Amino acid sequence: MKFKELAIKNPGDLYFGTAPNPVKTPRGLVIGGGNIYPELNFTLPEMSINKTDYSAVLKQYREIVTGALDHAVHLYSDGIVLELETLIEMTQIPQMGIDIVKIMNEICEENFIKHGLKSEIRLTPNDLREFERPPKQRTTKLIEPMMELFERGALAGGNLLSIESTGGKEISDDALMMCDIKQFIFSQAVLGVRDMEMLWGKIVAIAKKTATIPGGDTACGFGNTAMVLAEKKYIPKVFAAVARIATVVRTLVAVEQGAKGPDKDCGYEGPFLKAITGIPISMEGKTSACAHLSPLGNVAAACADLWSNESVQNVKLLAGMAPTVYYEQLQYDTRLMNEAIKGGKQDILQLQKLFVNSDTFYDPQAFILSPKSVIEISKEIVKGENYIDATKRGCLKGLELIENAIMEGTLLRDEKEDVWIEMLKSDIASIPENESDFVELILPTIDQSKVILSEYGL
Amino acid sequence: MKFKELAIKNPGDLYFGTAPNPVKTPRGLVIGGGNIYPELNFTLPEMSINKTDYSAVLKQYREIVTGALDHAVHLYSDGIVLELETLIEMTQIPQMGIDIVKIMNEICEENFIKHGLKSEIRLTPNDLREFERPPKQRTTKLIEPMMELFERGALAGGNLLSIESTGGKEISDDALMMCDIKQFIFSQAVLGVRDMEMLWGKIVAIAKKTATIPGGDTACGFGNTAMVLAEKKYIPKVFAAVARIATVVRTLVAVEQGAKGPDKDCGYEGPFLKAITGIPISMEGKTSACAHLSPLGNVAAACADLWSNESVQNVKLLAGMAPTVYYEQLQYDTRLMNEAIKGGKQDILQLQKLFVNSDTFYDPQAFILSPKSVIEISKEIVKGENYIDATKRGCLKGLELIENAIMEGTLLRDEKEDVWIEMLKSDIASIPENESDFVELILPTIDQSKVILSEYGL
Amino acid sequence: MNELLEKIELCIEFGKINNAAVYPPNMRGQDGADELTKQALEEGISPDDVLNKALIPGMDKVGQKFSENKIFVPQMLMSAKAMSSAMKHIQPFFKSGQVKQKGTFIIGTVSGDLHDIGKNLVAMMIEGSGWKVIDLGVDVKSEQYIEALKENPGGAVGLSALLTTTMVNMEQIVIDIKSFSENAKVLIGGAPVNTDFCQRIGADYYSPDPQGAVAYLNSLAV
Amino acid sequence: MNELLEKIELCIEFGKINNAAVYPPNMRGQDGADELTKQALEEGISPDDVLNKALIPGMDKVGQKFSENKIFVPQMLMSAKAMSSAMKHIQPFFKSGQVKQKGTFIIGTVSGDLHDIGKNLVAMMIEGSGWKVIDLGVDVKSEQYIEALKENPGGAVGLSALLTTTMVNMEQIVIDIKSFSENAKVLIGGAPVNTDFCQRIGADYYSPDPQGAVAYLNSLAV
Ligand code: B12
Ligand code: B12
């Protein structure tokens, strides 16, 4: 644990549009520099990449980006980030990903020259390693194409490098289904942390070499999976809230390794990262309902520096193609926030208050994302002796805040979940802080054929 | 012109969630009573109503409403309006529309009983008369099925009656394309007004008979058509802004005839109606980007009492069906506004300021919708001797405000449009206030084979 | 280049219909496309040259300016009207076969659908680019398109639909047209339609705007 | 009703696996589904009765509570585990033909796709309702489904896909399966899929959740 102190110590200093360590991009965005920008995300409609001809795939991306940027000019945008989160084939065959980046970059550059539109591409190759089961996180050959896409894609115009990495997922999937918080924390604070160290070392090196920006990671496959399961009422909301906190340290490791932000949108550990490290973050809320429903549509905006829609297929809605439609929605959301920023800190905090208070009463997952909760939990996290201790502390603090809020009547009580709060508390408390003790505790409880510990340096 | 005074005299009293004359519905919504509710709109995906079997159509609506209301319960909704804006076949064969209302009402009632969810159905048959060209607005047989759907649909649970009527469209379509403001005003203040008197007399009578609520009309086919054309850069924005003002009196006539609100979402004359008459209104902004792009995503919320998405097809997005997704977005938007309402008037006006100021600089269509502009323009409208005079006054006031704002630098200047402001001013000033003089002026300039004046009592 | 032709081109470009027309203000009192075309033919300029060296280049410029958002639709409509007033004089030469038109374009909004603002714009711009246009109006059924094709063998057909529930009718209409004349080109457009849909129903071309349709048709005419 | 069967049903309903299991806390120290099933068979209760009067009704209740959001997945998983521990004892009677299973269900996430949380849940609930389930895992190709069908003639097949780019693979897999065995029922599911798509690709049933799949399969079994 490198970070021992918070970069933002007071809830009143944790707000949207401004981060202690803003990130400047080549085409002039200053992310976290006193402005919030939309981050538009999109994906292919129903189609087979293998069976369609290559040019049809490229055409889709050309259409998406042209439509969105035309509309950005029309709506007087002051900046936009476009994320290319690749689909598997585009990483397996890096040339495909690179060709798409090139096309996107061409259109960005055109609009920059012609209209002064500031736009930047976030390149997010996907983590191929999970194709092998059990995954060989370090020794697999599948890392090669990933790194090739990072490097050559960066040179082609992918100026912000990110990934949604999956180290620890072999354990976390089942842990979520069984609501086994000990196993889940193991997947994050032991496996996740170790994998992030390895992976982000490489990515930061590529960013240096290509003079691009190492953005950040996201615990989407952990925290958001928990949220999706809770939204389906498959697991308790309070479990998902605590699982969210448990994802913080693994994503933090990217920053320890040199990531500069903006971290990636599709997990909600961003606010904790911003408080601890001061990097700018990307968040998604109501306007990402296209990609997943959520209990935190407004509160997610509280301290965002980029505002994203997570992902929408390139399908036709009545008004036009869905990515253009979602760009417009993001643009109006960010216009509102930027208008508050123009009014100064008081206006910002006033709008933030509405974002926060409108959601936090209804759901513990929203509750823990209020700036107040984020700062209190982050304070505990940085006190941790090591990653495990930090995670335990953060989770227990989160549970304490949740319990108090329920008692005070500021968080809706769901009787069905009461028993889970108790169980979580005692389970978490029972975790040894020492890593090898923890390994020994967990091993007998999991299906060991699913994970190769040596692939984590264990 | 029945209204001689404004129901809301100061911009500071024109805000979201509260209307001087709120509307109570059977299942307990109080629209305009200090709360803003989502109004969800939806339509069929690509499918042929005639070729698919009847039950498939009904199934679509069942699926849409079930999905949306389930999610409303999940998100702790305090109320929702569902609009059934029929497609042609559902009015041509009223039984089809009625069957859909029945299904929707069944699901509403179920959720009301089981979860206390307050929901209400707005029934909007479509105006079949335009199927005949030139339309026989009064003598046609096509009025019969429309009125049958209103009456039997009302009894089946369609508690808010609305229509998007099209009287005057024979003239306005070409007038918009040619940017002929004289013809356009003729279509609204002469033909539109006369048609609305006839039509709304009937609708209000049906509402009385069925003990339902006569909601209101919308100048969608006029004002929003102008906006869509301006968004495509086909006509000047300032023309579209003035055309919007010109639609006010024709929609106002519904209220004169007894409509109680909420008026219908898909025109933006609502704020003027609210100021003049005090009825609650439905508005759509950024969250209706699915149905049409617009330059007024935030400002549209300034004084809304219902917040709508205009229309989205029942297609699958990554998170689920599009109507459920759009419901979630509306819900978070209204949560934010309701949170401000909880804070009292100052909080409301503060949030409203952000909504307004974030848009009004960029586009005259947004500019005229600020509460300040709305009140000033409405004041001029109610001074009018008759509908024509009122419209002229409103439009000229709008142009004056636009010109001043451009001069003061509070509205972005678009040089290409400068010449249009002058032309509009002189064209509007040249319109005689007297109706028969106006008819004489216009007749020679239009294609008379397209319109039957006697169908307007002329 | 001939000065008269240049003048005609200017009238088209700026929408000067005839001497009596008040639009555009700065050409008031001058002869318009109507008079000048008549004059040109009288002076012995070939109708082919009038069409291809003045009228079509004039409309091309208008189309270009419109594409670049430099002018609005009403301005384009004035140009189209000026074009029509000139075409009156060229028309007899089409019939006699002295001048060839690019082809015939049959357009209509499909059955069940009454939206026609977009369709009208498309019709107008295609006419302006030198095609004979037959506008069947709104709520048009397969038989009507086929009837028009019978009368204009080799014509291309345009279908417009704005409703998700009428775009489906396009499919049947395309089948009907193609089974009447396999080679007839069918273009489709309208808000809910796109390229995928176009391919799926076996139509030949989708364009989101009139300009695309003009470009495609002109590529056929070559 | 037999008291022992009632007890077994309770063990299933509340997820009591065996005597050693600590879950659920209020049944600690008691015998679980494992011991009680063994005892029941020893006492001469027919395996058919154990299955149909205790195990399946127990799982039905769990399924019901789950549908009504009264319990969470981990609770359901405990019941499924209890069920398995009982099924061990019934298994030999399936082989000998003394007891009939509802049928075989083959499931897998389609090729190119690694999402399996949803698929696992579906598999588990179908197993709990009395079907033999063969889980082929993720990234499963046509041949693997067909291989499994060969080994289990008459089986039904479930395909899961979470990506818009792999749902397309479903189509090919359905074609392949149907051309191997026309009558094999194919169920599909996953976030981007829906009924329309199901009909379009010629699959037999789409369900947004495990419950729907169970209901459909049980209707086949009747
Ligand atoms: C204006 C309008 C109307 C006017 C129509 C006026 C007229 N004479 O056309 C009125 C008010 C009458 C109307 C009525 C209705 N409408 Co309407 N209407 C619109 C609106 C707002 C704009 C359409 C428009 O004129 N756009 C401007 C033109 C220039 O653009 P365009 O039509 O897209 O055309 C361009 C391109 O598409 C292309 N193109 C078009 N055709 C072709 C053909 C070819 C061959 C090619 C190459 C290109 C091409 O080029 C054009 C120029 O750039 C749209 C909203 C929208 N987002 O489109 C709704 C919309 C289409 N209407 C809608 C509905 C529901 C209706 C009604 C059923 C409403 C009701 N319940 O009464 C009725 C149905 C009438 C009927 N039977 O057809 C819905 C459709 C929903 C659905 N399920 O599909 C929409 C999407 C509104 C919404 N968001 O809910 N409507
Ligand atoms: C968890 C998750 C992951 C996890 C997967 C963990 C795992 N072991 O499955 C991880 C992180 C690994 C992952 C990876 C990726 N993912 Co992912 N993922 C998700 C997420 C957040 C939740 C899925 C989930 O588990 N839901 C919970 C379960 C219970 O629900 P379910 O799967 O829908 O299943 C239910 C029903 O659908 C049904 N059902 C399912 N199958 C079947 C089968 C039958 C026969 C029947 C009857 C019913 C049925 O019953 C189930 C129980 O109710 C979704 C978001 C979403 N909205 O779905 C994205 C999502 C599916 N992923 C997405 C993407 C892009 C990816 C990646 C490509 C990301 C990347 N760039 O690296 C990779 C691809 C990996 C691969 N090759 O498949 C996108 C897909 C976009 C697209 N174009 O289609 C989504 C939609 C996220 C987004 N909004 O962008 N992902």
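These numbers were taken from a predicted model, which means no experiment stands behind them. Chain naming here is simple, since letters A, B, ... match the order of the sequence lines and numbering starts at 1 in each.
- No side-chain donor-acceptor contact under 3.5 Å links A/Asn126 to the backbone of A/Glu85.
- Using a 4.5 Å cut-off between heavy atoms, B/Leu75 contacts chain A through its side chain alone, with no backbone atom that close.
- Comparing A/Met337, A/Glu46, A/Lys233, A/Lys342 by heavy-atom pairs within less than 4.5 Å of chain B, the highest count is held by A/Lys233.
- Of the possible donor and acceptor atoms, none in the side chain of A/Thr360 sits under 3.5 Å from a partner among the backbone N and O of A/Ala366.
- Remark: the backbone N or O of B/Ile36 is paired with a side-chain donor or acceptor of B/Asn338 at under 3.5 angstrom.
- Just one of B/Ser311, B/Ser288, B/Cys220, B/Ser282 meets the side-chain contact (heavy atoms from CB on, under 4.5 Å) condition when paired with B/Asp265; it is B/Ser282.
- Within the 4.5 angstrom heavy-atom criterion, only side-chain atoms of B/Val315, from C-beta onward, approach chain A.
- Looking at A/Asp347, both its backbone and its side chain come within 4.5 Å of chain B, counting heavy atoms on both sides.
- In this structure, A/Glu231 has no salt bridge (charged side-chain N to carboxylate O under 4.0 Å, His left out) partners at least two apart in sequence or on a different chain.
- When each of A/Leu318, A/Asp333, A/Thr324 is checked for heavy-atom pairs under 4.5 Å with chain B, A/Leu318 comes out on top.
- The most heavy-atom pairs under 4.5 Å with chain A, out of B/Ala322, B/Pro45, B/Cys290, come from B/Cys290.
- Annotation: maximal heavy-atom pairing with chain A below 4.5 Å, among B/Gln350, B/Gln313, B/His292, occurs at B/Gln313.
- For a residue to count as touching a neighbouring chain, one of its non-hydrogen atoms must lie under 4.5 Å from one of that chain's; by this rule B/Leu296 touches chain A with the backbone only.
- Neither side chain, B/Tyr332 nor B/Glu328, offers a donor N or O lying under 3.5 Å from an acceptor on the other.
- Proximity to chain B involves both the backbone and the side chain of A/Asp359, based on heavy atoms less than 4.5 angstrom apart.
- Looking at A/Arg122 and A/Asn41, their side chains never bring a donor and an acceptor atom within 3.5 Å of each other.
- The candidate with the highest count of non-hydrogen atom pairs below 4.5 Å against chain A, out of B/Val228, B/Leu317, B/Leu293, B/Val312, is B/Leu293.
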